[in-house]
Number of protein chains: 2
Amino acid sequence: MIKESTLRAGDEPASKTRIHAVYLQLRRDILHGKLLPGARLPVEHLRAEYGVSAGTVREALSLLVADALVTPEGQRGFWVAQASEDDLIDVTNTRMQLESAGLRQAIERGDDAWEAGIVAAFHRLSLVEDKTGRPLEGRLDEWELRNQDFHDALIAACPSRWTKRFRSILYHQHERYRRISLSQGAGDRNVHAEHEAIMAATLKRDADLACRLIEQHIAATRDLVFRVGVNGSADLAAPSAGAPAKSS
Amino acid sequence: MIKESTLRAGDEPASKTRIHAVYLQLRRDILHGKLLPGARLPVEHLRAEYGVSAGTVREALSLLVADALVTPEGQRGFWVAQASEDDLIDVTNTRMQLESAGLRQAIERGDDAWEAGIVAAFHRLSLVEDKTGRPLEGRLDEWELRNQDFHDALIAACPSRWTKRFRSILYHQHERYRRISLSQGAGDRNVHAEHEAIMAATLKRDADLACRLIEQHIAATRDLVFRVGVNGSADLAAPSAGAPAKSS
DNA sequence: GCCAACTAAAATATCGATATTTTTGATTTT
DNA sequence: AAAATCAAAAATATCGATATTTTAGTTGGC
């Protein structure tokens, strides 16, 4: 339910329009796994739940197509984008490539303010995690936001808006899988140390090392998800509900 | 004006829905430069022009956001995405990276059918261009479609859907710039020979050479656009019409 | 001349009704 | 038992009216 106050909550207006508010809410619900991969998104139900008209829901869903979080099909409606082991491999490999490219470009061009941004983001992240980088109890959402801030800060000095755009899409795709691994334990992995090593290499302007470390960091998440999801990809998706084929 | 027959024209239904038909029409108009970069897209005018309701137009525009061809702004409407020299550089560099990655993966995995697809696409393309690769008179649109088929065929065997998705977005972004260079002459460039060399290296499974050639091919288009657009980027965009800042 | 305030016109965003399509379940045919 | 057909229910897509916001132009004060 989108309350009127939601539109004006916080330090700044959350959304100028109801469409944008519904978009943000749906986006959050998908990224957090409340709406499972492959799940149908019945406009009629969402209309009732959010208290807006069908057209408003449709438009919000259409905007989520750009984030690759929703797939539309004419006359049949909308679905949460699918997730699968194959997709995780692809997301991982492609993200490794783009993060790496972005980080390399940032290292070439970054100035002191950029470095300060990284240090600050790392510090904020450290405050909501234990020494191994596990999110503190009840602060997973906060950790996720600060994790994103940290990764955004690493490539903030990259001049390529396209690289950053695609990378961001994949970062969030990865988030859908990452939450599975975080909620089930990170094994013996020390995410905090990984972040710190990436930061150190970056500040030292060692592009090759930094890129190798970020790639390993990303690959490790994939490996962890595979380990906890090894029972099969049933854990990754909603029971099939007339789900369309994967979009091209 | 979307005619009823448009929805059922050709060998297959063009669109199941009016939204999709408007989406395709708008997409074509933007890619062809009929709707200039930075131009406002007034819903009220488009509604009248296409003979559909405002909500239908809005939804079609929202779907174009995914293609990075339209930028929305709450309460202010929609705009054709901006174009600029900086953007062309970014599109080019990022596309070079993704095409190259896609081609390399395709070369690793492609089978005989993939090779046949490339040869066939090259052949079809050759039939609508002169010996230097200039489109034949009055067949620019056809050439563009077959050019796309050729480039799609090159990476058809790439397993990474994400690479192909992002690459496709950039291919079309590049198209907006490419039409400028084609309509103003390709100088002494031999696009046909470039395609042929790329194909030869690809069929020979020489990934390093093929990737270097495709990157040069893409860079050459950028250089050409710069040459013909050297009067400044006024040629690239509509007069500013309350255009929003470039989207992040 | 510049800026703030105000108003009317223009445009955007949203609604709920309804036309259209798909899905579901029952029945009939093979 | 499986496949085809049909009708009703459910859902999607679209419309046009209207509430809301922005834009453009005018006026007045400094």
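The analysis underlying the following values was restricted to heavy atoms, covering all of them including side chains, and did not include hydrogens, waters or symmetry mates.
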Candidates D90(A), T221(A), L170(A) - the one meeting side chain to side chain contact (heavy atoms under 4.5 Å, CB included) with R95(A):
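So the option named by the test is L170(A).
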Answer yes or no on whether R178(A) is positioned over the face of Y171(A), meaning its NZ or CZ is under 6.0 Å from the six-membered ring centre and within 45° of the axis.
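Yes, R178(A) sits over the ring of Y171(A).
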In chain order, what residues pass the ring pair (Phe, Tyr, Trp, His ring centres under 6.0 Å) check against [X], with sequence neighbours excluded?
| X | result |
| --- | --- |
| W114(B) | none |
| F78(B) | none |
| F150(B) | F122(B), H195(B) |

I'd like to check the salt bridge (Lys or Arg N to Asp or Glu O under 4.0 Å) partners of D149(B); sequence neighbours left out, ordered by chain and number.
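In terms of salt bridge (Lys or Arg N to Asp or Glu O under 4.0 Å), with neighbours along the sequence ignored, D149(B) is linked to no residue.
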Between the protein and nucleotides 9-11 of chain C, list every N/O to N/O distance that falls short of 3.5 Å.
none

Answer yes if the side chains of Q148(B) and H151(B) hold a donor-acceptor pair under 3.5 Å, and no otherwise.
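No, no side-chain donor-acceptor contact under 3.5 Å.
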Filtered N/O pairs between nucleotides 14-17 of chain C and protein, under 3.5 Å:
{"residue": "dT14(C)", "atom": "OP1", "partner": "R18(A)", "partner atom": "N", "Å": "2.3"}
{"residue": "dT14(C)", "atom": "OP2", "partner": "I19(A)", "partner atom": "N", "Å": "3.4"}
{"residue": "dC15(C)", "atom": "OP1", "partner": "R18(A)", "partner atom": "NH1", "Å": "2.9"}
{"residue": "dC15(C)", "atom": "OP2", "partner": "S53(A)", "partner atom": "N", "Å": "2.9"}
{"residue": "dC15(C)", "atom": "OP2", "partner": "S53(A)", "partner atom": "OG", "Å": "3.2"}
{"residue": "dC15(C)", "atom": "OP2", "partner": "T56(A)", "partner atom": "OG1", "Å": "2.7"}

